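All values reported here derive from a predicted model rather than from experimental measurement. We count ligands from 1, going down the list as the structure has it; atoms in each ligand are counted the same way. Hydrogens, waters and symmetry mates play no part in the numbers below; they use all other heavy atoms, side chains included.
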Amino acid sequence: MRAVAVFPHAHEVKLIDVEEPQIARPTEVKLRMLDVGICGTDREISSFQYGTPPDGSDYLILGHESLGEVVEIGPAVQGISVGDLAVIMVRRPCPHAECHACRAGRSDFCVTGDFTERGIKGLHGFLAEYVVDDAQYLHVVPAALRKVGVLTEPLTIAEKALSQALHIERRMPWLAEITPQSPERSELTAAILGAGAIGLLGAMALRAMDIETYVYDRVPPPNSKSQLVETIGARYISPENPSTSFTDLIGHVHFIYEATGVSQLAFQAIMALSPNSILVLTGVPGLGAHKELDTDTLMRNMVLKNQVILGTVNAGSVDHVSAIRHIKTFMERWPEVFDTIISGRYPLDAYRDLLLGQSSGIKNVLSFEPK
Ligand code: BGC
């Protein structure tokens with residue numbers, strides 16, 4: 001079968017022909033891949049800054065944002081049938097007994113660092129015609145979401161970030177019962193940094209909770225992102241000149257969701273946090289930016305205003321369930337935005353441009369069934 005792989009030592013990214021995987025255990029499922037989304041992580045792996053092939057392999061098959069169709073199931077698989085659409089989770093637990101996170105099924109909180117990730121760290125990914133995995137890592141997606149199900153994985157990053165933020169909000173006694181549905185949520189305000197896929201999907205999740213939301217991006221409006229932001233009832237903000245501060249633009253907010261991977265921007269944004277509020281970081285910056293920060297002001301502010309900085313990576317099963325539910329809600333509320341978010345759908349042969357060419361669009365998808 002065809003697959004797209006990176007060879008870190010040879011510094012190559014190429015289409016390879018590998019043996020089709022087969023079900024080897026009764027709990028496994030085989031999928032024919034339909035769509036694989038490309039993100040910054042794939043591009044970093046393709047420029048050899050990140051990513052690790054499986055032990056004993058000189059290459060890593062890329063791809064971690066998946067949508068596949070089940071073509072075969074092992075005899076012990078329950079709740080999944082041939083023909084179902086499914087998304088496969090990225091991370092697998094570490095083997096260590098003392099890692100409570102992995103033992104509790106939350107490898108996204110792994111403490112040893114010995115987790116693996118399909119298409120990223122130690123396991124082949126989903127940019128291949130067929131994939132086999134254990135049923136416990138699959139989430140069935142309704143057939144109606146065929147065109148957009150590939151957005152599930154990036155949305156899980158936002159789902160985990162928001163649910164963690166709500167946990168932190170609950171430290172305030174008057175918000176102890178807050179849920180995405182309770183009335184208190186509409187008193188919160190949020191700002192998203194970065195109108196990429198993770199930022200925009202996060203904005204949609206916030207708007208689905210009727211939280212007042214600003215989306216900050218350096219590209220001046222009007223553009224397709226600013227139009228999308230307006231469609232979902234959020235406000236698009238872009239600095240007219242680089243010295244304009246966040247507080248000048250948006251005042252103070254309860255929640256800042258960072259989705260740029262630009263560390264300096266993230267830490268500047270702290271100044272726009274109101275008391276008792278949270279900065280959630282989701283971007284993974286490339287290393288090397290040593291920028292000066294006014295650490296005294298930052299620390300003084302954080303202490304005197306009870307503020308929290310929270311980093312979050314990957315997502316749990318629960319976040320996949322809520323992502324799939326949310327995509328359905330988004331489709332009902334704002335069906336037109338998906339043509340903007342999925343900015344391009346390309347056949348597998350376009351892998352080179354998407355992985356190594358100039359970054360463009362919001363979410364580009366390699367499709368095994370180009371339409
Ligand atoms: C993926 C996550 C992964 C993270 C770190 C992100 O691009 O979406 O699933 O945990 O990279 O490798």
Side-chain angles (χ1 to χ4, degrees), residues 4 6 8 35-54 60-68 86-94 99 101-102 105-127 131 133 137-139 149-164 194 196-202 205 257-263 266 280-287 310-324 326-327 341-342 354-355 359 362-366:
V4 176
V6 54
D35 288 338
V36 175
I38 301 297
C39 78
T41 302
D42 301 304
R43 292 170 57 83
E44 276 180 21
I45 299 173
S46 302
S47 58
F48 321 109
Q49 302 170 47
Y50 198 64
T52 320
L60 170 74
I61 298 180
L62 282 161
H64 61 275
E65 298 181 2
S66 64
L67 181 72
V87 165
I88 315 164
M89 292 172 73
V90 177
R91 201 175 271 203
R92 302 292 171 270
C94 77
C99 181
C102 285
R106 285 304 300 256
S107 57
D108 54 316
F109 286 109
C110 176
V111 294
T112 67
D114 288 339
F115 60 83
T116 48
E117 288 183 333
R118 293 207 61 166
I120 302 177
K121 181 175 181 279
L123 291 175
H124 288 312
F126 308 132
L127 253 179
V131 166
D133 213 329
Y137 301 119
L138 260 62
H139 286 273
V150 68
L151 295 174
T152 303
E153 198 276 344
L155 178 56
T156 62
I157 308 294
E159 296 288 347
K160 178 177 171 189
L162 296 184
S163 82
Q164 293 290 301
I198 304 242
L200 292 171
L201 289 165
Y257 168 96
E258 180 282 329
T260 60
V262 180
S263 56
V280 182
L281 306 174
T282 74
V284 183
L287 298 178
L310 168 79
T312 175
V313 67
N314 200 252
S317 220
V318 64
D319 304 306
H320 285 69
V321 172
S322 46
I324 293 167
H326 257 145
I327 292 189
I341 290 224
I342 298 190
L354 297 197
L355 292 167
S359 159
I362 302 178
K363 174 56 66 192
N364 290 316
V365 171
L366 283 171

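Across every non-hydrogen atom of R118 and H64, the tightest pair is O-CB, 3.4 Å. Of all the heavy atoms in G63 and D42, the pair that sits closest is N-OD1, 3.8 Å.
For the pair R92 and Y137, the cation sits on the ring face: its NZ or CZ lies under 6.0 Å from the ring centre, inside 45° of the axis. Cation-pi geometry between K160 and F109 is satisfied (NZ or CZ under 6.0 Å from the ring centre, within 45° of the ring normal).
Scanning the protein heavy atoms around atom 3 (C) of ligand 1, the nearest turns out to be E117 OE2, 3.3 Å.
Under 4.0 angstrom from ligand 1, there are no non-hydrogen atoms of K121. Only the side chain of E153 comes within 4.0 Å of ligand 1, judged by heavy-atom distances.
Near T41, with a cut-off below 4.0 Å to any heavy atom, the atoms of ligand 1 are 6 (C), 7 (O), 11 (O). Counting the atoms of ligand 1 from 1 in the order shown, those under 4.0 Å from a heavy atom of Y50 are 5 (C), 12 (O).
Applying the salt bridge (charged side-chain N to carboxylate O under 4.0 Å, His left out) rule to E117 yields the partners R91; only residues at least two apart in sequence or on another chain are considered.
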